[in-house]
Structures are given as C-alpha cells and as structure tokens.
Trainee: 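Take a look at this one; I'll ask things after.
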Amino acid sequence: GTAALIWNEIIREKVTNFIMNQSKEQRILNFVLQNAVRGDPCSVVDTIDKYCSQKEWAMNVGNEKGLILDKTVEEANPSVALELGTYCGYSAVRISRLLKAGARLLTVEFNPEFAAIAKQMIEFAGVQDKVKLLEGPSEEIIPQLKKKYEVDTLDFVFLDHWKDRYRPDTILLQECNLLRKGSVLLADNVIFPGAPDFLNYVRKSPHFQCTNYPSHLEYMQVEDAMEKAVFLG
C-alpha cells in the first residue's frame, strides 16, 4: 500500500505535473468540467471516481467508503454539518447532495490551491447554496464557528484532513461546546495511513460510542476503515 501510494502520489504525479504544466487536482477538475453534467452532483461524484480509478489516484473518500459516508449522513440527517479537509470537493458534493432543504455544510480546507479547485467543483455540481468553504487551519476555524459562522451545535462532522489533527480537533470541538448529545463524527483513513491516537481517544472516552466500518483505501485493494463516534454528552 505504501509503495503504491509513493508511486502514485510522488513519482508519477510529479512527472505528469511537469509534462502537462498543471496539477493533478486541476486535471481532475478539467475532466469533470468536460465529462460531468453541470448541476448534477451525482454525475460529478461518479466522474471524479471514474478519473481516479482509471487515470490518476487521488485522496477522495472514493466510491466504496462513500457508501458508508452516505449511509451515516442519511442516518444523522444533519441541519448543520462540518467537514475537515475539503481537497477537491468530492465529499462536500457527496454530502451536500443528501442534505435536507435548509441544511448547510461548512467545509474547511487549509491548502488555497485545493480550496480554489473545490470552489469550482462545488459550483459546477450546483450545491453552492448548501456548502460554505472556509479557508485556513482547522484549529483556528473551529473556535470561530459559533460567533463568526453562527453555529450552535454540529449534527455531523466528517474528519478527512491531516490524520494527526483528528484527535486534537475532536477535543477542540468538545471544548468549544460544538457537539450535542447525538452528534455524529465519522473519520476516514483510520487504518491507512491511520489515526491511532484518535481511535485510542474516542474508544476509551465515556463520551463516545464507536462503530468501526472495515473497508479499503480509495481506488485500491489496501485495507482501511472508517470510524463512527457518536457523542453521548
């Protein structure tokens, strides 16, 4: 798994970027703009999956784990959702297409280049009315959610950013009183590349009830899993 990632993420991608004079993320966006149906979020999601399974690997949640994400969002039926780690906007589009009328998703992205791509992806999918993209580090944005973005509590949180931020950001969400009884956290990539300190924290905490969903790394046959942690108050 690691060798395949190094090949896809570092060697192959750098060579392709140099030859084509654009980033992989720009290539994914261009493929969507040329092949997906504007205003159709399902078409956008399917087109990204097609590109990343057939042409270039990318760190979206992907189609297999995407079904776990879908089911969790549908069960939580959130009015206010938070995503940490927007990347190209794949999961923001995937989540927002399931939101009820009047619900909103706040998605946080640290990398300005990724944020610019995601903004175009979200608009092309036609879900910009439901999604607000916040640029900056999660540890700075989370404490601003109540006052600056008028969040009372979060119904659903998707963790898919830096794995070493999962645990501290979960603690920060608690400290900022952003979780209510029944708030659902779903964390991606808890096996590969792994988030052991997060798993250790939520599984041992009396404040969370955890469920593990074994799966595979996006677009690969590498073992991975998602962890659902329901806040008990």
Trainee: Does any part of the side chain of R165, heavy atoms only, come nearer than 4.5 Å to the side chain of L159, both counted from C-beta?
Mentor: no
Trainee: Do the side chain of K146 and the main chain of D152 share a donor and acceptor less than 3.5 angstrom apart?
Mentor: yes
Trainee: Please answer whether the main-chain N or O of N200 pairs with a side-chain N or O of R203 as donor and acceptor at a distance below 3.5 Å.
Mentor: no
Trainee: Below 4.5 Å, heavy atoms only, C-beta onward: do V73 and F158 meet side chain to side chain?
Mentor: no
Trainee: About how many Å separate CE of M121 and CG of L133, when rounded to the nearest 0.5 Å?
Mentor: 12.0 Å
Trainee: Crowded around E139 CD? As in, over 12 foreign heavy atoms under 6.0 Å?
Mentor: yes
Trainee: Side-chain contact, heavy-atom cut-off 4.5 Å: H207 with Q174?
Mentor: yes
Trainee: Taking a hydrophobic cluster as the set of Ile, Leu, Val, Met, Phe, Trp and Tyr residues connected by side-chain heavy atoms closer than 4.5 Å, whether directly or through intermediates, do Y90 and L69 fall within one such cluster?
Mentor: yes
Trainee: Side chains of K65 and N189: does their closest heavy-atom pair fall under 4.5 Å?
Mentor: yes
Trainee: Under 4.5 Å between side-chain heavy atoms, counting indirect links through other Ile/Leu/Val/Met/Phe/Trp/Tyr residues: same cluster for L84 and L199 or not?
Mentor: yes
Trainee: Do N212 and P214 come close enough that some side-chain heavy atom pair is under 4.5 Å?
Mentor: yes
Trainee: Please check this pair: side chain of E109 against backbone of Y87, looking for a donor-acceptor N/O pair closer than 3.5 Å.
Mentor: yes
Trainee: Rounded to the nearest 0.5 Å, what separation is found between the CG atom of L98 and the CG atom of D70?
Mentor: 5.0 Å
Trainee: Do we see a donor-acceptor contact under 3.5 Å between the side chains of S23 and E113?
Mentor: no
Trainee: Please test V44 against V37 for side-chain contact (heavy atoms from CB on, under 4.5 Å), starting from the C-alpha separation and ending with a verdict.
Mentor: CA-CA 7 Å; V44 169; V37 179; over 6 Å; no
Trainee: Any donor and acceptor pair, going by atom type alone, linking the side chain of K55 with main-chain N or O of I28 inside 3.5 Å?
Mentor: no
Trainee: May I ask whether V184 and L232 are part of the same hydrophobic cluster, defined by side-chain heavy atoms of I, L, V, M, F, W, Y residues being less than 4.5 angstrom apart, directly or through others?
Mentor: no
Trainee: Quick test of your reading of the model: are E75 and K71 salt-bridged, counting only N-O distances below 4.0 Å?
Mentor: yes
Trainee: I want to check something: taking the side chain as every heavy atom from C-beta on, are F192 and E223 in contact at a cut-off of under 4.5 Å?
Mentor: no
Trainee: Of all heavy-atom pairs between T47 and V32, which one has the smallest distance, and what is that distance?
Mentor: CG2-CA, 4.0 Å
Trainee: Look up atom NZ in K147 and atom SG in C176, then write down how far apart they are to the nearest 0.5 Å.
Mentor: 11.5 Å
Trainee: D188 and M226: which non-hydrogen atoms are nearest, and at how many Å?
Mentor: OD1-CG, 3.9 Å
Trainee: So which heavy atom on A118 is nearest to which on G89, and how close?
Mentor: CB-N, 3.8 Å
Trainee: When rounded to the nearest 0.5 angstrom, what is the spacing between CZ in F231 and CG in L154?
Mentor: 11.5 Å
Trainee: With a 4.5 Å limit on heavy-atom distance, are the side chains of V131 and R104 in contact?
Mentor: no
Trainee: side-chain contact (heavy atoms from CB on, under 4.5 Å) for R38 and S43? Distances and angles first, verdict last.
Mentor: CA-CA 8 Å; R38 178 181 283 279; S43 171; over 6 Å; no
Trainee: Would Y201 and L179 show up in the same hydrophobic cluster when neighbours are defined by side-chain heavy atoms closer than 4.5 Å?
Mentor: yes
Trainee: So, K132 side chain and L105 main chain: donor-acceptor pair closer than 3.5 Å or not?
Mentor: no
Trainee: Among D46, I48, D49, V45, which residue satisfies the side chain to side chain contact (heavy atoms under 4.5 Å, CB included) criterion with N63?
Mentor: D49
Trainee: Quick one: does any side-chain atom of W57 pair with a main-chain N or O of M220 as donor and acceptor, under 3.5 Å?
Mentor: no
Trainee: For F110, I'd like to know if atom CZ has over 12 heavy atoms of other residues, nucleotides or ligands within 6.0 Å.
Mentor: no
Trainee: Is there a donor-acceptor pair closer than 3.5 Å between any side-chain N or O of D155 and the backbone N or O of S183?
Mentor: no
Trainee: Run the side-chain hydrogen bond (donor to acceptor under 3.5 Å, both in side chains) check on E56 and Y51 step by step: do they pass?
Mentor: CA-CA 6 Å; E56 287 186 274; Y51 186 88; 2.6 Å; yes
Trainee: Quick one: closest heavy-atom pair of P78 and A103, and the distance?
Mentor: O-CB, 3.4 Å
Trainee: Which heavy-atom pair separates E83 from T107 by the least distance, and what is that distance?
Mentor: OE1-OG1, 2.6 Å
Trainee: If you round to the nearest 0.5 Å, how far is CG of L185 from CG of L173?
Mentor: 6.5 Å
Trainee: If only side-chain N and O atoms count, and only distance matters, is there a donor-acceptor pair under 3.5 Å linking N30 with Q26?
Mentor: yes
Trainee: Transitively linked via ILVMFWY side-chain contacts under 4.5 Å: Y149 with L172?
Mentor: yes
Trainee: Please report the shortest heavy-atom distance between F198 and A187, naming the atom on each side.
Mentor: CE2-CB, 3.5 Å
Trainee: Please tell me whether D169 and S138 have a donor and an acceptor in their side chains that are separated by less than 3.5 angstrom.
Mentor: yes
Trainee: Report the C-alpha separation of C210 and K228 in whole Å, then their side-chain angles, then the decisive distance to 0.1 Å, and conclude whether the side-chain contact (heavy atoms from CB on, under 4.5 Å) test is met.
Mentor: CA-CA 5 Å; C210 296; K228 181 171 85 169; over 6 Å; no
Trainee: Less than 4.5 Å apart, any side-chain heavy atom of Y166 and any of D160?
Mentor: yes
Trainee: Is the shortest distance from a Lys or Arg side-chain nitrogen in D197 or K163 to a carboxylate oxygen in the other one below 4.0 Å?
Mentor: no
Trainee: May I have the step-by-step check of side-chain contact (heavy atoms from CB on, under 4.5 Å) for I95 and F156, ending in yes or no?
Mentor: CA-CA 10 Å; I95 293 166; F156 174 76; 4.2 Å; yes
Trainee: Does atom NZ of K181 have more than 12 heavy-atom neighbours from other groups under 6.0 Å away?
Mentor: no
Trainee: Please indicate whether E74 has more than 12 foreign heavy atoms, meaning atoms of other residues, nucleotides or ligands, lying under 6.0 Å from its CD.
Mentor: yes
Trainee: Measure the spacing between CG of L82 and CD1 of I141 and express it to the nearest 0.5 Å.
Mentor: 9.0 Å
Trainee: Quick one: does Y219's side chain have a donor or acceptor within less than 3.5 Å of a partner on A58's backbone?
Mentor: no
